[in-house]
Colleague: 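Take a look at this one; I'll ask things after.
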Amino acid sequence: MTLRVAVIGAAGRMGQQVCRAVEEAADLEPAGRFDVGDDLGDLGGADVAVEFTVPGATLANVLHCVERGVHVVVGTTGWTDESLHQVRAALAVQPKVGVLIAPNFAIGAVLTMRFAAQAARFYESVEVIELHHPDKVDAPSGTAVRTAEVIAEARRAADVPPAPDATASGLDGARGARVDGVPVHAVRLRGLVAHEEVLFGSAGETLTIRHDSFDRESFMPGVLAGVRGVVDRPGLTVGLEEILDL
Ligand SMILES: NC(=O)C1=CN([C@@H]2O[C@H](COP(=O)(O)OP(=O)(O)OC[C@H]3O[C@@H](n4cnc5c(N)ncnc54)[C@H](OP(=O)(O)O)[C@@H]3O)[C@@H](O)[C@H]2O)C=CC1
Ligand SMILES: O=C(O)C1=N[C@H](C(=O)O)C[C@H](O)C1
């Protein structure tokens, strides 16, 4: 069966790449391209909309799609418990519709989060560093936030005490931001795309897990897997790992 796919944020860095990927996929058909200021209307008759816009716009776009019975694959970051709650409420009146929200569609980034969760209970110390292109509008990255959260959950479950840190004075921000107690550092550098390092340490050893997206092409297999998977997954799914059965 051919799926008709609309792209919201189609003029953006990710949106352009998604439009190309949809055009090249034999089982998908472009239904429409939407960007800032466009009326989403009936999404061009799409079965699935792919949404890569900005944190301030994504909730309204997703709710619009759900209300019209269109499945949605969302890559935009900045989701909160409150905005996820609003999506669940909208889905309750459209029980056949599926929404997939994933902070990162690159397979290696999903594996990095999984490996980090596995390693978390074995180490005293942990820090997350995310490195991105300087045109990114949010910090830290959605991926780094999720990575820190899964690490913190695993450490709590294993009763690992807070990481040691004797810092008593210094400049604000020097130790990064705390996400669920885990220090997260954001680097913005021309030449980069999307990268993450998770550093673990214990007496006499460290473990570094690193993922690099050198090209936005790296997100496309995950996005297309999401498009094909979301139509058979009513309700809200958070994280590509659910679709990949990881
Ligand atoms: N989950 C994942 O794997 C990935 C997630 N991302 C996330 O995706 C999002 C987009 O990233 P990226 O493509 O680099 O960003 P861009 O800024 O390149 O693209 C966003 C596009 O959305 C447009 N836009 C803004 N508001 C609206 C709106 N209300 N309706 C429709 N379109 C709108 C922008 O227009 P204008 O510029 O005119 O405002 C722009 O064309 C970010 O949140 C980023 O973190 C990025 C890469 C991978
Ligand atoms: O803005 C980006 O580029 C990216 N955003 C996502 C995030 O914030 O985690 C995913 C990836 O890191 C690229």
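The basis for the numbers below is simple: all heavy atoms, side chains too, and nothing from hydrogens, waters or symmetry mates.
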Colleague: Filter on side-chain hydrogen bond (donor to acceptor under 3.5 Å, both in side chains), then keep only pairs touching residues 228-246, sequence neighbours left out; what's left?
Modeller: Asp27-Arg228

Colleague: Quick one: which residue pairs count as a side-chain hydrogen bond (donor to acceptor under 3.5 Å, both in side chains) with a foot in residues 32-45, not counting sequence neighbours?
Modeller: Glu23-Arg33

Colleague: Please list, chain by chain and in numerical order, all residues satisfying side chain to side chain contact (heavy atoms under 4.5 Å, CB included) with Ala120, sequence neighbours excluded.
Modeller: Ile151, Ala154, Arg155, Phe200

Colleague: Could I get the full list of salt bridge (charged side-chain N to carboxylate O under 4.0 Å, His left out) partners for Glu29, not counting sequence neighbours?
Modeller: Arg4

Colleague: Identify, with sequence neighbours excluded, every residue that meets salt bridge (charged side-chain N to carboxylate O under 4.0 Å, His left out) alongside Glu149.
Modeller: Arg146

Colleague: Measure the CZ-CD distance between Arg20 and Gln17 for me, rounded to the nearest 0.5 Å.
Modeller: 4.5 Å

Colleague: With rounding to the nearest 0.5 Å, note down the distance linking CG in Leu240 to CZ in Phe219.
Modeller: 11.5 Å

Colleague: With sequence neighbours left out, write down each residue that passes salt bridge (charged side-chain N to carboxylate O under 4.0 Å, His left out) with Glu130, or none if nothing qualifies.
Modeller: Arg188

Colleague: Tracing side-chain links under 4.5 Å among I, L, V, M, F, W and Y, which residues wind up in one group with Leu131?
Modeller: Ile129, Val187, Leu189, Leu192, Leu199

Colleague: Partners of Leu59 by side chain to side chain contact (heavy atoms under 4.5 Å, CB included), sequence neighbours excluded?
Modeller: Leu63, Trp79, Ser83, Gln86, Val87

Colleague: Listing request: all ring pair (Phe, Tyr, Trp, His ring centres under 6.0 Å) pairs with a residue in residues 225-246, at least two apart in sequence or in separate chains.
Modeller: none

Colleague: How far apart are the closest heavy atoms of Ala46 and Val5, and which atoms are they?
Modeller: CB-C, 4.3 Å

Colleague: Please name all residues satisfying salt bridge (charged side-chain N to carboxylate O under 4.0 Å, His left out) with Arg88, sequence neighbours left out, ordered by chain then number.
Modeller: none

Colleague: Val54: what forms a side chain to side chain contact (heavy atoms under 4.5 Å, CB included) with it, not counting sequence neighbours?
Modeller: Ala57

Colleague: For residues 58-68, which residue pairs pass the side-chain hydrogen bond (donor to acceptor under 3.5 Å, both in side chains) check, not counting sequence neighbours?
Modeller: Glu51-Thr58, Glu51-Asn61, His64-Arg68

